[in-house]
Each structure stands twice: as C-alpha cells, then as structure tokens.
Amino acid sequence: MFVIFGNPVNHSKSPLMHNYFFKKYGINECYGRYLLENGEEIIEKFKELNIKGANVTVPHKEWAFKLADEVRGIAKEIGAVNTLVKEGDKVIGYNTDALGFLEAIREFDYKKALIIGAGGTAKAISLVLKADIVNRSENRLKSFKNKNTFTWNNLDTFDYDLIINTTSAGLNDDNLPMPEDLLEKLFKNAKYAVDVIYKETPFLKLAKKFNLKTKDGLDMLVYQGILAMELFLDKKLNKKEVAKIYFEVLKLDKIF
Ligand code: NDP
C-alpha cells in the first residue's frame, strides 16, 4: 500500500498514474490519497498506516524533509521531500521533482537556460540545471547565491535557447510570467519553452507563436512519479516504456 499525503489532495493524479502502472505490470499493490491537515504528523501517520511508501505534495514537503528518519540525495540541498520510503523500521526521504524535470527535458539540445521565477520549484530545478534566474521581484533572488540573477528591470541578455516558467502565472489566470515584450525578445532567440504547470498556459501559447518546441508540466509530473516508483520498488525501470503507460492513463483521464 502507498499513498500521497497533501492538503488538498483530491486533485492529485498520482493515484491514477501509479495504480494503472501496478495493474499493467501485474504488481499486487495499491495507491491511495491521504488528506493530511497537520504536516507535523506526517511520519507518525506513515508508520500508523503501515505503508511501504508515500509521495508528499503541497504543503507538506518541508515537514517531510524535517521529520524523515533520514534524508538522502538531492533532497538534502533542496530542503524538501516529495517521496518517503520504508526501509526496515525507518522512513527515508527523497526528492524526485528536480531529477524528474531533467528527465522530462532529456531530448532537448540546449546550451543556455533561463528560469523564470524564484520559488521552491525554481530552486529545486536550479540545483540540477545550469541556468540563470529572472524574477519579478528581488527578495527571493537572494537565495540563489551562485547563479546569475535578474529582475524584469535589469535582464540584459536574451540569447537563451531554453526558457522555463516556474511561476504560477497562468495556473488559474491568463497571466504571462513576464511582460510580453520581454518574453517576445527571449522567444525570438530560443528553441524550447517548458512550463511546470500541467496545461497549455499563455506562456506556452506565446512560445508556440514563435515556433518553439514546448512541454507542459505533465512530463515533469510523470517522470517524478517514475523516479518515485523506482524508489518504492527498489529497482530500475525502463523509463521510456513506463512513461508511455503513465501518459496513456493521463490522456484517458482528460477524455472522460
Ligand atoms: P512559489 O510560491 O514557491 O514561487 C512562486 C514564484 O512565482 C515566485 O518567484 C513569484 O514571484 C512568482 N510568481 C507568482 N505569480 C506570478 C505572476 N503572476 N507573475 C510573475 N511571477 C509570479 O511556488 P512553487 O515554486 O512552489 O510552485 C510554482 C508552480 O510550480 C505552481 O504552479 C505549481 O503548481 C508548479 N509545480 C509543478 C510541479 C510538476 O510536477 N509539474 C511540481 C511542483 C510545482 P515573487 O517572488 O515576485 O513573488
């Protein structure tokens, strides 16, 4: 038994993806949702439910990081855990978001990347990807110590070939993550545009007008899920083959 902890957790696609995978691979497991109101109880609940593993979504990733018996890999630098795995009587914390992002853009041939936004997702991605950062305001840029950082006002280079939107602009509105004229200047030179939001945002629509190759956040969602599944099962999976299964069920979910 596996679960995803979150609040809210109803919207999560993880149970759908992972249960479909279990069924296709003939694995006798199941994956549910757990609405957790108090993040401080996450490890206690994990042990109480007697589960083998869990994913963690907003707003509990920092609690999972703080409370896991041990944290391994990139999660230590990110300061957030999205995957918990039972190992003996310990609960081990990992983060598969950032590496899931890298896996999602594996086929892109880029030299210079720009991340728009300076929140948690930007921080995680910037740890695994060499990129400059641009944000609308200065405050959050301070935590990107070894990076070239800009605000909209002082961005002066436009020769990036990969542009990544990690802001929530376009999630529940029609906003672009930057003023349109600046984005147009960037898109004129770029080859790829990636959004971490799971749908075609105004950012991606504009990128398509400039004939860029685009990807929305679904790919990142799928690959962070596959990396978590490898940790759950403690074995390497054929990621391309498994990704097909995850995309298949997400497509069905869109139709019905
Ligand atoms: P944070 O709240 O940590 O950071 C938000 C960032 O976006 C800040 O830099 C903020 O700028 C900027 N921002 C917010 N609104 C706007 C706007 N209208 N215009 C310009 N900039 C804006 O968010 P997270 O990093 O946690 O999450 C960001 C997005 O990533 C969410 O949409 C979330 O759904 C998505 N996500 C997707 C995942 C996936 O698997 N695909 C995984 C994790 C997250 P400022 O500093 O000026 O406030």
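We count residues from 1, following the sequence as given. Both ligands and their constituent atoms are indexed starting at 1 by order of listing.
- The main-chain N or O of G88 is found under 3.5 Å from a side-chain atom of K86 such that the two form a donor-acceptor pair.
- Ion pairing of E241 with K244 is absent here, as no side-chain N (NZ or NE/NH1/NH2) approaches a carboxylate O to less than 4.0 Å.
- A salt bridge links K52 and E29; the closest N-O separation between the charged side-chain nitrogens and carboxylate oxygens is under 4.0 Å.
- For the pair K13 and Y246, the NZ or CZ position fails the cation-pi test of under 6.0 Å to the six-membered ring centre and within 45 degrees of the ring normal.
- Aromatic ring centroids of F203 and F187 lie under 6.0 Å apart.
- Enumerated by chain and number, the residues approaching ligand 1 to less than 4.0 Å through a heavy atom are G117, A118, G119, G120, T121, N135, R136, S137, R140, W152, T166, T167, S168, A169, L171, P177, V196, I197, Y198, G217, M220, L221.
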Distance-only criterion, 3.5 Å: show the donor-acceptor pairs between side-chain atoms of residues 94-105 and protein atoms not counting sequence neighbours.
{"unit_1": "Y94", "atom_1": "OH", "unit_2": "R72", "atom_2": "NH1", "d": "3.0"}
{"unit_1": "N95", "atom_1": "OD1", "unit_2": "D97", "atom_2": "N", "d": "2.8"}
{"unit_1": "N95", "atom_1": "ND2", "unit_2": "A80", "atom_2": "O", "d": "2.9"}
{"unit_1": "T96", "atom_1": "OG1", "unit_2": "N82", "atom_2": "ND2", "d": "3.1"}
{"unit_1": "T96", "atom_1": "OG1", "unit_2": "Q224", "atom_2": "O", "d": "2.9"}
{"unit_1": "D97", "atom_1": "OD1", "unit_2": "N82", "atom_2": "ND2", "d": "3.2"}
{"unit_1": "D97", "atom_1": "OD2", "unit_2": "K61", "atom_2": "NZ", "d": "2.8"}
{"unit_1": "E103", "atom_1": "OE1", "unit_2": "R106", "atom_2": "NH2", "d": "3.4"}
{"unit_1": "E103", "atom_1": "OE2", "unit_2": "R106", "atom_2": "NE", "d": "2.7"}
{"unit_1": "E103", "atom_1": "OE2", "unit_2": "R106", "atom_2": "NH2", "d": "3.1"}

